[in-house]
Amino acid sequence: MTSSLKRQLSGETRDSDEKRLQVAVDVGENEYSSVAVLVSLIPGKEGKYIVKGKPTTKIGRSRACDIALAEPDISTLHCELCVLTVTIDGYQRRLVNIVDRSRNGTFVNGNRLVKRDYILRNGDRVVLGRSCSFLFKYLADNEEEHPISASSVPTQGENNSDQFKKPTLSSQDVVRRPLSAQRPTFLDRFIVGKELGSGHYAIVKEATDKDSGDIVAVKIFHPQRNDDQKKTKQFREETKILMSIQHRNIVKLIDRFVEPVSKAQIQTYLVLEKVSDGELFDRIVRKTKLRQEETNAIFTQILNGLRYLHAKNIIHRDIKPENILLSIRKRQHTEEQQRGPWDDDEIDITIKIADFGLAKFIGEMQFTNTLCGTPSYVAPEVLKKTGYTSKVDLWSAGVLLYVCLCGFPPFSEQLSPPSMKEQILQGKVAFYSPYWDNVDDSCLHLISNLLVVNPAFRYDVQQTMNHPWFSDNSYLARSPALMSRQAIDESRIPKTYSELSSLQ
Ligand code: PIT
C-alpha cells in the first residue's frame, strides 16, 4: 500500500518547523510487525495479546474478531485498536488509538470512553466490560514480542509472514533525528510533581527526569483540539521564541513534546530549566519593598535579558514581578564573599525572565488590537490599540521598578479618580512622600523617563542601561533628595503587595 493512503489528521502546514507534527493512519508496509501488547490481568488467565501494526485490530466476542474474548459481558465487537503512525520532530512512533464499540463500556484507567477515542499510553489499564482487564504496553523499537505459548489466553490469529519491506525514507522525511527512533513520550521520561503556577492556557509543574534525576519545570498546555488554530499558533510562537534564545537571564527551554491524546486532541509540553527560588513577586511580598541597591542589581539583570531579546526583535509583552524568577546561591560559610548587594544569607542571585506566552517576534507583528499583558503593567499604546514596539517592555519595566522600590503600583484603581486606565493613558505618576523620600533622585529620574506616554520619547533598553542610576551609585552614600515628592492622603495609597496578599 502506498503513502498516498495516509490520512493527515493535523493541519500543520505553514513552514517546515510546523510540519513536524503529522499523524497518519498507518497502512505502510510494516503493518504486521508488533506494536504493543495487552497483558491479561484476568484472574486465572495469564498471558498477553499482541497488537500488530495492521490498521485496525478488532476485539470482541465474535470469532471474526482479531482478539476473540469469550466473556459474557463482552460485546460482539467490543472495541477497536487503530494503529496510527505519528511523526513528531523527526521521531516516528506507532501509537494505538482505542475506540469503544460496546454496550457495557470500555474503560481506560477507570474512565469510560464515551463516544470518544483515546491514544493509549504505556501502563494504561484497559478494562472491557466488567471483568476483562489488561495492562497496555508499547513494545520498544524493533522489539518483537512473542506470545507465551503456554498461555491460557489465545494469541491473536495473524498471518505473521514478514512479506513486507521496511519503509524507505522519502526526501520529506529527512529530519534531524533518525526516523527509526521511537521517541519516549513525556510521561515515559518524567515524573510530574507539584504545581509551580498556572495560567489560562497551561499549568507549570515541577518534574523529575527518570534517568538523570534532574528536576525541571514543565509547562503543560491544556489539551487542545488539533484544529484549534489560535492555541496552536500561540504554542508555536512561544516555542519558536524559546528555541531561538539562550541567555543566562532567560529561562532555558530544554525540550518539547507534542503528543496526541486522541485523534482530535493533542497535548503539548515545554520542558524548562527549573529556577528554584520563587518569583520576584514573592520577594517583594515578603519584604514589603526592596532596598535600592538590591533593586538596582536585579534590574541590571532584567535589562540584560531585555537587551538580548530586543536585539533579536522579540518583545516579551508581559514583564511583571510574577514573571521574574530567582535563583539564589545561599551562604554556606560565614567567610564566603558576597557577589552583590544581597541579604546576609545570600551569596548571589541570578534572575531569569520567564513566561513567553505573550511574546512576539517584532518582524511578524501586525499592528494588533489584542490587549495583552497585565492591566497595571500595560503600556498606554497597548490600551490605545494603536500598535506597539519593544518600548512596551520598557514601560512595564518602569512599573516594575516603581513597585520594587515602594511595594505598590504606580497605577491602580485605588488612586482613582481618574480610573487606572486614564492614569496610564495620561502617564500620571507620583512619587508619594514618605514612601519615596529615601530613594535617590537619579532613580526617580529614570522611572520618569520610562513611564513616558509617547513611546518615541520613552527610553529604550540601551538608554536605560546607560542611565547614571546604574553607574553612579550615589544612593549608597545617601544624598539629600532633591526632586519633589508629592504629599498624599494616606488612605489613597494603594495597598502594598504584602498587605494585598495577607488579605487573600
Ligand atoms: C521555573 C519555575 C517556575 C516557573 C517556570 C519555570 C516557568 C517558566 C516559563 C514559562 C513560560 C515560558 C517560559 C518559561 O514561555 O515557577 O523553573 O510560559
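Both counts, for ligands and for their atoms, begin at 1 and track the order of listing. From a predicted model like this one, the values you see are computed outputs, not experimental measurements.
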Sorted by chain and number, sequence neighbours left out, salt bridge (Lys or Arg N to Asp or Glu O under 4.0 Å) with Glu413 holds for none

Taking salt bridge (Lys or Arg N to Asp or Glu O under 4.0 Å) as the definition, give me every residue that meets it alongside Lys352, ordered by chain and number, with sequence neighbours left out. Glu273

Can you name the residues that form a side chain to side chain contact (heavy atoms under 4.5 Å, CB included) with Cys82, not counting sequence neighbours? Thr56, Asn97, Val99

Give a table of atom pairs where an N or O of ligand 1 lies under 3.5 Å from a protein N or O.
from     : atom 1 : to     : atom 2 : distance (Å)
ligand 1 : 15 (O) : Glu238 : OE2    : 2.4
ligand 1 : 15 (O) : Phe356 : N      : 2.7
ligand 1 : 17 (O) : Glu273 : O      : 2.8
ligand 1 : 17 (O) : Val275 : N      : 2.6
ligand 1 : 18 (O) : Lys219 : NZ     : 2.5
ligand 1 : 18 (O) : Glu238 : OE2    : 3.0
ligand 1 : 18 (O) : Asp355 : OD1    : 3.2

For Tyr269 and Phe221, I'd like to know if the aromatic rings sit close, meaning centre-to-centre distance below 6.0 Å. no

Can we call the ring centroids of Tyr138 and Phe136 under 6.0 Å apart? yes

Measure the acute angle between the ring planes of His467 and Tyr459, then classify it against the limits of 30° and 60° as parallel, tilted or perpendicular. tilted

